[in-house]
Amino acid sequence: MKLNEYDVGIVGAGISGLSVATFVRSLRPTARLVVLEQTAEPGGVIASFSESGYLAEWGPHGFLDNCPESRELVRLAGLEDEVVTAPLSRFVRYVCLDGRLQCIPQKPLAILRQPLMPWRDKLRVVGDLWRRPLPGEPTVAQWVAHRFGPALLPFADAVFTGTYAGDIERLAIDAVMPGVRELERAHGSVIRGLFGKMRATKKQGREKKGLPAMTSFKDGMAVLPRRLAADLQAAEMLAYDSPVLKISRQEDGWRVATGQGELSCRHLVLALPVNRCLPLVAAALPDTPPPRAAIPEARILSVLLGFDHRAQIPFGFGYLAPEREQRFALGALFSSHMFPGRAPAGGQLLEALVGGRRHPERLALPDAELVEAVYADLGRLMALPRPVYTAVLRPRAGIPQLEAGYTELLRWRGAIQAAHPNLHLCGFGWKGIGINDMIKEARRIAGAIDTPAAPEAGAEVKGVYF
């Protein structure tokens, strides 16, 4: 067996690629596998920042613990003892409305009892029962206004600002909430569909579960990809500084050309963000080009503000601000409330988010101006002394925006994978942007990969290709 021949080649050592590799090794321990990463570090968009006793995140801050595939991955990584959680049942969220932070209850009925909007607008929500599904591919804003009334738009805006840093006038409801759209079409109403799901769950005898918990790790989210990568590197299955230049079909699989050499593999997994994946596939399969060369991205930065004990930060996860509030920050995470060890003893940490799809111009501001603008903005919402620590984190990666045309792109992906069952596309922006979304898809792909039985005696199965 030549060193450059593999059962599974994985391009990208972000959470998707590392998850696929880990699940494949668990399911098929004898598989000949290699992961190629263009940089010298694993993790992709997941990266943690530590300085002067403060711990923050360049990318995602955690994931909910209600995904079995993610719990399995944590177990395979041996990180159960490193997990820290912030239960949704205990940690509230806030929305900035009319210049004040309003606590949002976690249960729908409790929300209806809150004085967040007039009763006529609350009653309009029930109009969903008689509203026919909108045809075509409506935006989130169009869909929410149609189904539940315009009074809910600020709340929807806050939700999708927090998830995508996006614009609900552009995000497509079929792309960001396909499950809810299916309920609507199947039952003629979202409310009716949700009650139907509840009845089905009760009929099947499933236990009613409580609210999930936000999950991270004692030393930050980067612990997860680093541990997964270390395990692969110990098995000589991970190659850093290996940018992929070209992929091409061959009779029994795929050939991959990188700056370090070439390899061949029976199964090829492109675990890359959508916009990095598309040109590779388009060049390899010119007869079936993607419907679009790229999708929009939104970029955000984080402004870290460290305070002493005098800062009066409300208890909870944080807050988000709808666009109509005209705030400078999209919102902020109350990091030192959520997880222990995010600030020095007696200190507190806020992570404010700036930019997004609507305000990319703010990303060009110098650090000092960003800090002052964020401090002034947050200071109008809570009592804050001058910060004792500040930093600005400018992530390199953008957040894929699932806007008009995205569902067409997913159909193209499905057609490509049906025509080429040994080519698998996953990663940031494919089937969602959340960590649970990516890990779930990675587990599905790992289960679909077939590899031969144990290699013949004497065959070499370790060692990266160069």
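The 12-atom threshold is not exceeded at CZ of F195, counting heavy atoms of other residues, nucleotides or ligands nearer than 6.0 Å. More than 12 non-hydrogen atoms from other residues, nucleotides or ligands lie less than 6.0 angstrom from CD of E51. Dense packing is recorded around CZ of R394, with more than 12 heavy atoms of other residues, nucleotides or ligands lying under 6.0 Å away. The number of heavy-atom neighbours closer than 6.0 Å to CZ of R120, taken from other residues, nucleotides and ligands shown, is 12 or below.
R299 contributes no side-chain N or O that, together with a main-chain N or O of P360, makes up a donor-acceptor pair within less than 3.5 Å. Checked by atom type and distance alone, the side chain of S48 pairs as donor or acceptor with a backbone atom of A222 at under 3.5 Å. Between the side chain of S336 and the backbone N or O of Q348 there is no donor-acceptor pair closer than 3.5 Å. With hydrogens and angles disregarded, no donor-acceptor distance shorter than 3.5 Å links the side chain of K431 to the backbone of L410. Listed for the D367 side chain is no donor-acceptor partner under 3.5 Å among the backbone atoms of V392. A donor-acceptor pair under 3.5 Å is absent between the side-chain atoms of E169 and the main chain of T139, judged by distance alone. Between the R357 side chain and the Q401 main chain, no donor and acceptor come within less than 3.5 Å of each other. Between the side chain of S242 and the backbone N or O of Y240 there is at least one donor-acceptor pair closer than 3.5 Å. The backbone N or O of P87 sits nowhere less than 3.5 Å from a side-chain atom of T85 that would complete a donor-acceptor pair. In this structure, E37 contributes its side chain and T39 its backbone to a donor-acceptor pair below 3.5 Å.
You'll find the side chain of Y164 reaches within 4.5 Å of the side chain of L171, heavy atoms only. Two residues are said to be in side-chain contact when any heavy atoms from C-beta on lie closer than 4.5 Å; L378 and L384 meet this criterion. The shortest distance between side-chain heavy atoms of F148 and V190 falls below 4.5 Å. Taking 4.5 Å as the limit, every side-chain heavy atom of L228 sits out of range of all side-chain heavy atoms of P42.
Electrostatic pairing of E41 and R396 does not count as a salt bridge here, judged by no charged N lying under 4.0 Å from a carboxylate O. Between E184 and R181 a salt bridge is recorded (basic side-chain N to carboxylate O distance below 4.0 Å). A salt bridge is defined here as a Lys NZ or Arg NE, NH1 or NH2 lying under 4.0 Å from an Asp or Glu carboxylate O, and R358 with D157 meets this definition. We find that R185 and D174 are joined by a salt bridge, their nearest charged nitrogen and carboxylate oxygen being less than 4.0 Å apart. Between E369 and R362 there is no salt bridge, since no side-chain nitrogen of the basic residue lies less than 4.0 Å from a carboxylate oxygen of the acidic one. Ion pair R444/E441 flagged as a salt bridge, since at least one NZ, NE, NH1 or NH2 atom sits closer than 4.0 Å to an Asp/Glu carboxylate oxygen.
When all heavy atoms of L272 and R276 are compared, the pair lying nearest together is CD2-NH2, 3.3 Å. Residues C426 and V20 approach most closely at SG-CG2, 4.2 Å, considering heavy atoms. Between I435 and M221, the closest heavy-atom pair is CD1-CE, 3.4 Å. Y375 and L305 make their closest contact through CA-CD1, 4.2 Å (heavy atoms, listed as atom of the first residue, atom of the second, distance). Summarising the geometry of S52 relative to P344, their closest heavy-atom pair is O-CG, 3.6 Å, with the distance given to 0.1 Å. Annotation for A235 and R25: closest pair CB-NH2, 3.6 Å, computed over non-hydrogen atoms.
Interatomic distance, Q233 CD to L238 CG, rounded to the nearest 0.5 Å: 5.5 Å. In this structure, the separation between CD on E403 and CG on D167 is 7.5 Å, given to the nearest 0.5 Å.
Taking R327 as the reference, D377 meet the salt bridge (charged side-chain N to carboxylate O under 4.0 Å, His left out) condition, with sequence neighbours excluded.
Looking only at atom types and distance, the side chain of E137 has no donor-acceptor partner in the side chain of Y406 under 3.5 Å away. Side-chain contact annotation: E351 with S335, donor-acceptor N/O pair under 3.5 Å present. With hydrogens and angles left out, the side-chain atoms of N436 and S70 include a donor and acceptor closer than 3.5 Å.
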Hey, mind stepping through V223 and K218 against side-chain contact (heavy atoms from CB on, under 4.5 Å) and telling me if it holds? CA-CA 8 Å; V223 167; K218 294 176 183 176; over 6 Å; no
Please lay out, stage by stage, how W430 and D437 fare under the test side-chain contact (heavy atoms from CB on, under 4.5 Å).
CA-CA 9 Å; W430 288 120; D437 295 328; over 6 Å; no
Practice item. Go through the steps for L350 and M382 under the test side-chain contact (heavy atoms from CB on, under 4.5 Å), then give the verdict. Key: CA-CA 12 Å; L350 290 174; M382 60 192 86; 4.2 Å; yes
(Q) Does W143 form a side-chain contact (heavy atoms from CB on, under 4.5 Å) with I168? I'd like the steps, not just the answer. (A) CA-CA 10 Å; W143 183 83; I168 60 172; over 6 Å; no
**OP:** Please step through ring pair (Phe, Tyr, Trp, His ring centres under 6.0 Å) for the pair F317 and Y94, ending with a clear verdict.
**Re:** CA-CA 8 Å; F317 282 111; Y94 299 85; over 10 Å; no
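Applying the side chain to side chain donor-acceptor pair (under 3.5 Å) test to pairs two or more places apart or on separate chains, those with a residue in residues 313-323 are E323-H359.
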Do any side-chain atoms of residues 72-80 form donor-acceptor pairs under 3.5 angstrom with protein atoms, and if so which ones, sequence neighbours left out?
from, atom 1, to, atom 2, distance (Å)
E72, OE1, R443, NE, 3.4

